[in-house]
Structures are given as structure tokens and as C-alpha cells.
Amino acid sequence: MATFRVQLANGEKSLKTDLKAPNEDSARNTAERWFDGARWRIIEIRQLTD
């Protein structure tokens, strides 16, 4: 599992959260599920550790 930093924004605010996932696609899918229906969009996903 790797640690990824996900940065999101909604036009007014930005949010960064770290999560563990096996790969970047899984991290993106998890973040999309968490913020489903909200106006947040993913700005950047960056791998922090392996």
C-alpha cells in the first residue's frame, strides 16, 4: 500500500487529505466515492510513499 495526497477544490475552498491505496487509480476512485454528490473536484493526486 502506498500513501497518496489528494487535493480537492470546490471553487471557494481547497482540501488536502492523505489516504492509503494500492495505486493511484484506487486512490482516485476512493476520493470520488467519498465526495460523490458534493461539488468538490480532484485537483491533484500525488504519491507520498511506497
Side-chain angles (χ1 to χ4, degrees):
M1 288 277 212
T3 301
F4 292 89
R5 170 148 303 150
V6 181
Q7 181 177 356
L8 303 109
N10 71 356
E12 298 174 10
K13 300 177 185 174
S14 65
L15 167 70
K16 290 182 184 175
T17 187
D18 295 346
L19 59 92
K20 290 191 177 205
N23 56 48
E24 185 175 331
D25 289 337
S26 181
R28 177 177 299 278
N29 289 338
T30 299
E32 288 173 347
R33 275 195 317 257
W34 284 351
F35 295 95
D36 186 37
R39 295 182 180 216
W40 294 91
R41 60 187 170 94
I42 297 172
I43 302 296
E44 177 184 21
I45 297 180
R46 187 165 49 113
Q47 185 170 345
L48 299 178
T49 63
D50 289 335

For Arg5, salt bridge (Lys or Arg N to Asp or Glu O under 4.0 Å) partners two or more places apart =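 In terms of salt bridge (Lys or Arg N to Asp or Glu O under 4.0 Å), with neighbours along the sequence ignored, Arg5 is linked to Asp18.
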How many angstroms lie between CG in Leu15 and CZ in Phe35, if you round to the nearest 0.5 Å?
-> 5.0 Å
Drop me the distance from Arg28's CZ to Asn23's CG, to the nearest 0.5 angstrom.
->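 Atom-to-atom, Arg28:CZ and Asn23:CG are 11.5 Å apart.
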Should Ile43 and Val6 be regarded as members of a common hydrophobic cluster, given that ILVMFWY residues are connected when their side-chain heavy atoms come within less than 4.5 Å of each other, either directly or indirectly?
->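 No.
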Give the C-alpha distance, both sets of side-chain angles, the deciding distance and a yes or no for side-chain contact (heavy atoms from CB on, under 4.5 Å) between Asn29 and Ser26.
-> CA-CA 5 Å; Asn29 289 338; Ser26 181; 5.6 Å; no
Of the non-hydrogen atoms in Phe4 and Ala21, which two are nearest, and what is the gap between them?
->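 So the minimum-distance heavy-atom pair works out to CE1-O, 3.5 Å.
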Would you name the heavy atoms of Gln47 and Ala2 that are closest together and state the gap between them?
->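 Reported closest heavy-atom pair: NE2-CB, 3.5 Å.
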Can you name the residues that form a side-chain contact (heavy atoms from CB on, under 4.5 Å) with Lys20, not counting sequence neighbours?
-> Thr3
Just grab all the side-chain hydrogen bond (donor to acceptor under 3.5 Å, both in side chains) pairs involving residues 6-16, residues at least two apart or on different chains.
-> none
